[in-house]
Amino acid sequence: MGRITLDKVAKRFGDVEVIPPLDLTIEDGEFVVFVGPSGCGKSTLLRLIAGLEDVSGGQIRIDGKDATAVQPAKRGLAMVFQSYALYPHMTVRKNIAFPLRMAGLSQQEQDKKVEGAAAVLNLTNYLDRRPGQLSGGQRQRVAIGRAIVREPSAFLFDEPLSNLDAALRVGMRLEISELHNRLATTMVYVTHDQVEAMTMADKIVVLNAGRIEQVGSPLELYHRPRNTFVAGFIGSPKMNLIEGAEAAKHGVATIGIRPEHIAVSPESGTWKGKVGVSEHLGSDTFFHVLDTGLADAITVRAGGEVDLHHGDTVYLSPDAAKMHRFDTEGLRIE
Amino acid sequence: MATKASRSAARLMISPAVILLLAWMIVPLSLTLYFSTLRYNLLMPGMEEWAGFSNYYYFLTDPAFFDALRNTLVLVGGVLAITIVGGVLLAILLDQPMWGQGVVRVLVIAPFFVMPTVSALVWKNMFMNPVSGLFASLFKTLGLQPFDFLAHAPMFSIILIVSWQWLPFATLILLTAMQSLDSEQLEAAEMDGAPPLKRFWFITLPHLARAITVVILIQTIFLLSVFAEILVTTNGGPGTATTNLTYLVYAQSLLQFDVGGGSAGGVVAIVLANIVAIFLMRMIGKNLDA
Ligand SMILES: Nc1ncnc2c1ncn2[C@@H]1O[C@H](COP(=O)(O)OP(=O)(O)OP(=O)(O)O)[C@@H](O)[C@H]1O
Ligand SMILES: [Mg+2]
């Protein structure tokens, strides 16, 4: 079990209100990702759930019981820190066994659970090394191992992959997703990388300056962003947001169109512009089209083989059915 | 310093300093070695004569030598124990966020800047004096007999005074070490179910191990040669109760005017100090790498 309910939870540091009162429910077994720009309060929210910070107001319930004043260790949650926070003077075995030792388990039980976790995480050959003798990915796995052995009702991850290189990050992403499928335990995962959010989450919580902008499944956020902030944040490359005369033609304050929903043609189309920087990824090419008179640059996606060069004139045709409309407040209009 | 020319230039430039330092050390050392083989008494000037190793023989068989050896060990050990335990506790205290932290930290460091003679005199006359001392009046207000620290617990008193001087040093080093501890480690331990005392024992203390090693090494070097505090307070007495090796060498050469015997004692002290140093390096120096 691991159902976490936040009820009007707020956090102030002195006079600064980092998190205004917010409500959120995390269902049992769900993989929830908090995303948002740096400094928006993701870590703070996670630490409030963990109990490492005291709430300034509101109530946190875990499995229906009020946990607001419960000590971190008693909440039944396990946390994986960004810096891994391994104990440098202990071997991997001792690191993983530490929570068990604190819980007063017998040596045999400790050994059994540590071996089990090590097997799951491919750490069996490293059990007698110290954290300093491991690679970043291995350290990450040790930190996860230390969380697993406690058999928590929910895992909390704070940007666990941000110290890894790109290739390893993709690998660990899969491992964590697989782990979630196997354990079926609630996971709350903080990241500022929206690709991680899109690929891993059952439910994404988009935060901005401590406020929840939108909660929903990855595709829900992609297809129906509630406001311009979410529209610009979710999706890679970013959605093109166009204001002014072109938006007025549609009778709204802002229109949004994703790069993948614009057709590119050298001959004819709705908007005319010049090719600026192009990014060739092999499968796709992203063009930054300048001088359209709409916005600084419009990003469009084309196939890998499109033959366009810097300075060429292109015509862009947005797919009207896929266009998003926002009012003056930045809220979505259906 | 890549090229040959620049390397030899560097050697040339650095040589005056090296030669000066070497002479500074070699000259007194060889003079001490030389004196230690002479019968050299200040009361009989001009009567120096070769005495072989008899100075060493007399110094090493002197019962005061064994007392001094034991006293030196007790003094060093006692001060180390007090300063490290006290230093860790103070460092924990000073690491807590509190009002007036800056001022308190300066105050804690202050004793380190007081000269040994001065602090020993202050302790002797203002605190431990059985008639006018602060402790005496404290005892009297409690209706107890004033206690003459320096007469009845001389070694303990010296240890107290020296510890008071070295506590700031230990605290300072341990505090900086404490501050370099990643707070996420403590938070992880908290989530892992370790209560404060266990967090201290399993996380903080191992983190401090290296700093404690440094404190032990540095303090031992200085504590082996404590002198001013003893001279000012007890003069090595009563009897030989507070005579350490340094003080014994002083007493031999300048109170008994036996420069030859004093020099032999000095050489013995050098040898012993080096044995301790090697021993320490072997035992805890390995804490310093990795
Ligand atoms: N102990 C503190 N005292 C005062 N302000 C704090 C404290 N901790 C965090 N803050 C502030 O709270 C805000 C949110 O911080 P938080 O660490 O939650 O951001 P974040 O979303 O995790 O950012 P990042 O992606 O960079 O990790 C920041 O503006 C930060 O300055
Ligand atoms: Mg953060």
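Chain identifiers are assigned alphabetically (A, B, ...) following the order of the sequence lines, protein sequences preceding nucleic acid strands; residue numbering begins at 1 within each chain.
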Just checking Met25(B): does its CE atom have more than 12 heavy atoms from other residues, nucleotides or ligands closer to it than 6.0 angstrom?
no
For Phe13(A), look at atom CZ and say whether over 12 heavy atoms of other residues, nucleotides or ligands are found less than 6.0 Å away.
yes
If you measure from CD on Gln71(A) to CD on Glu190(B), what distance do you get to the nearest 0.5 Å?
7.5 Å
Between Ala103(A) and chain B, with a heavy-atom cut-off of 4.5 Å, which part of the residue counts as in contact: side chain, backbone, both or neither?
neither
For Leu21(B), I'd like to know if atom CG has over 12 heavy atoms of other residues, nucleotides or ligands within 6.0 Å.
yes
Given heavy-atom pairs under 4.5 angstrom as the criterion, report whether the side chain, backbone, both or neither of Leu86(A) touches chain B.
backbone
Looking at Ile14(B), I want to see if its CD1 is surrounded by more than 12 non-hydrogen atoms of other residues, nucleotides or ligands under 6.0 Å.
no
NZ (Lys198(B)) and CZ (Arg101(A)) are apart, to the nearest 0.5 Å, by 8.5 Å
Pick one: which of Lys74(A), Lys94(A), Arg146(A) meets salt bridge (charged side-chain N to carboxylate O under 4.0 Å, His left out) with Asp192(B)?
Arg146(A)
Under 4.5 Å from a heavy atom of chain B, the part of Arg75(A) involved:
neither
Top of Ala73(A), Pro88(A), Pro99(A) for chain B proximity - count of heavy-atom pairs under 4.5 angstrom
Pro99(A)
Which portion of Arg130(A) sits near chain B, non-hydrogen atoms under 4.5 angstrom:
neither
Among Ala147(A), Ala143(A), Ser83(A), which residue has the highest count of heavy-atom pairs closer than 4.5 Å to chain B?
Ser83(A)
How many angstroms lie between CZ in Phe98(A) and CD1 in Ile203(B), if you round to the nearest 0.5 Å?
4.5 Å
Side chains of Glu187(B) and Pro72(A): does their closest heavy-atom pair fall under 4.5 Å?
no
Nearest-0.5 Å distance, CE of residue Met191(B) to CE of residue Met102(A):
15.0 Å
Side-chain donor/acceptor of Arg150(A) to backbone N/O of Gly193(B), under 3.5 Å:
no
Please check: side-chain N/O of His89(A) versus main-chain N/O of Phe202(B), any donor-acceptor pairing under 3.5 Å?
yes
